[in-house]
Amino acid sequence: KETFEGHQVLRIVPKDDVQLSLIKDLEDMIEFELDFWRGVTDAVTPVDIRVPFHSLQTVKIYLETQGIEYSTMIEDLQTMLDDEQEEMESAARVTQ
Amino acid sequence: PRNTDSYDYGRYHPINEIYDFQDMLVAENPNMVSKIVIGQSYEGRPLNVLKFSTGGTNRPAIWIDTGIHSREWVTQASGQWFAKKIVTDYGRDPTLTAILNKMDIFLEIVTNPDGYYYTHNNNRMWRKTRKPNPGSNCVGVDPNRNWDAGFGGPGASGRPCSETYHGPRANSESEVKSIVDFVKSHGNFKAFISIHSYSQMLLYPYGYTRTPVKDQAELHSLAKKAITDLASLYGTRYRYGSIISTIYQASGGTIDWTYNQGIKYSYTFELRDTGRYGFILPPSQIIPTAQETWLALMAIMDHTYKNPY
């Protein structure tokens, strides 16, 4: 089963078209193995990106050096998925 | 659960429970609900479509699908709630009753069953189909880039490892081809609604070109009405417009193809998240999401019913 320890989801709010295109460039940096949950649309609409642990530092440095503001939407995806799984199992137990 | 009254609509269910739910609903409502298997997924799962009909033959029809992107769990969950809502409200809600006395509704709840099974057992973040791509280690095609409308154009990827991989050719995925064949053979669909999550939008064609559709004004005003109705329940704010002008260019998309088939009322929903959960929407939000979405669906279905073409 694929797990996502240390994966974070960053919420990025581009300020202008320059930042938009810098974020779009990230899509082509295949080595980062980024997963765009919410794609680049226009300035002021958030872009959500799941970032694997091995790319986290590099991506955050990239965003910070470009002056692109971001927040951590999900601190650790696997923790959230474990909670979701536990909730499903307990709800199933209740049903049974 | 022994029946659909005791079924827990506020929970995410594995695929076997959803398939059991469908069979229970059909068994409980033999005069209104039937199940049509329109094809098989790559791994051999049946592609089940629930048909809600009060009679007649080949009546004008409305299509709703959920779960074409498997990780968008709130959509399949809402689909189950919609199914129960239809059988519950027929005969009670005058608007729905009028629609079903003249039209049929077709609902495909698990449109990408292989992907959905995979999200429960292997990778919660899976989005695409599960068919291998020859010559690549990466599996699966984005089923919302595989349709024959601007196929392979900008806004879709030619790389099999991409989440928006369009596939080797249009309709290469049986999950897409089955719907195409069904819609073509039925020939009398008047509305087609494909449901995704999570960026809260109601979108109409086109995604692959900036050329506006000929019915743009009507589709835009109906979208505005639909999302106003939706927001009336919990205040959830939606954006609306054409795909290319509201989000980005996306070619090979579902409703671009359906609109080009002459199905005027072709829409894509992006359901909630209003917070910071993304695809991992807490199950406590399933029913409120389904309830508000239903208001928008009713607006579209009622308009379709009152504006035959």
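Here is how names work: the chains are called A, B, and so on, in the same order as the sequence lines, proteins then strands, and each is numbered from 1.
Ring geometry for B/Tyr198 against A/Trp37 counts as perpendicular: the plane angle is over 60°, on a 0 to 90° scale with 30° as the lower cut.
Between chain A and the residues B/Tyr248, B/Tyr7, B/Trp126, B/Tyr118, the largest count of heavy-atom pairs under 4.5 Å involves B/Tyr248. The candidate from A/Ile30, A/Ile74, A/Thr3 with the greatest count of non-hydrogen atom pairs under 4.5 Å with chain B is A/Ile30.
For B/Tyr234, the OH atom is densely surrounded, since the number of other residues' heavy atoms within 6.0 Å is greater than 12. Other residues, nucleotides and ligands place no more than 12 heavy atoms under 6.0 Å from the OH atom of B/Tyr277. Other residues, nucleotides and ligands place no more than 12 heavy atoms under 6.0 Å from the CZ atom of B/Arg237. Other residues, nucleotides and ligands place no more than 12 heavy atoms under 6.0 Å from the CG atom of B/Asn137. Residue A/Glu69 qualifies as open at atom CD: its count of foreign heavy atoms under 6.0 Å is 12 or below. Within 6.0 Å of OH on B/Tyr117 lie no more than 12 heavy atoms contributed by other residues, nucleotides or ligands. For B/Lys224, the NZ atom counts as loosely surrounded, since its 6.0 Å shell holds 12 or fewer non-hydrogen atoms of other residues, nucleotides or ligands. For A/Glu89, the CD atom is densely surrounded, since the number of other residues' heavy atoms within 6.0 Å is greater than 12.
The minimum heavy-atom distance linking B/Arg11 with A/Ala91 is given by the pair CD-CB, 2.8 Å. A/Glu27 and B/Arg159 make their closest contact through O-NH2, 4.4 Å (heavy atoms, listed as atom of the first residue, atom of the second, distance). Residues A/Glu87 and B/Pro283 come closest through the heavy atom pair OE2-CG, 3.3 Å.
Proximity to chain A (any heavy atom under 4.5 Å) is shown, for B/Arg127, by neither the backbone nor the side chain. Contacts between A/Ser90 and chain B at a heavy-atom distance below 4.5 Å are absent for every atom of the residue. Using a 4.5 Å cut-off between heavy atoms, A/Phe4 touches chain B through its side chain atoms alone. Heavy atoms of B/Thr164 lying under 4.5 Å from chain A are absent altogether. Only the side chain of A/Asp35 comes within less than 4.5 Å of a heavy atom of chain B; its backbone N, CA, C and O stay farther away.
Between A/Thr45 atom OG1 and B/Met201 atom CE the span is 6.5 Å, to the nearest 0.5 Å. Note: A/Lys1 NZ to B/Asn123 CG = 9.5 Å, rounded to the nearest 0.5 Å. In this structure, CG in A/Leu77 is found 11.0 Å from CZ in B/Phe279, a value given to the nearest 0.5 Å. Here A/Glu84 contributes atom CD and B/Tyr12 contributes atom OH; the two are 6.5 Å apart, rounded to the nearest 0.5 Å.
Residues B/Arg276 and A/Ser71 meet the side-chain proximity criterion, which asks for heavy atoms closer than 4.5 Å. B/Ile280 has its side chain within reach of A/Leu81: a pair of non-hydrogen atoms, C-beta onward, lies under 4.5 Å apart.
At distances below 3.5 Å, not a single donor-acceptor pair connects side-chain atoms of B/Arg124 with backbone N or O atoms of A/Glu2.
Between B/Asp273 and A/Arg38 there is no salt bridge, since no side-chain nitrogen of the basic residue lies less than 4.0 Å from a carboxylate oxygen of the acidic one.
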Subject >> CA sep, side-chain torsions, deciding dist, call: B/Arg239, A/Asp42, salt bridge (charged side-chain N to carboxylate O under 4.0 Å, His left out) >> reply: CA-CA 13 Å; B/Arg239 297 198 290 152; A/Asp42 52 38; 3.3 Å; yes

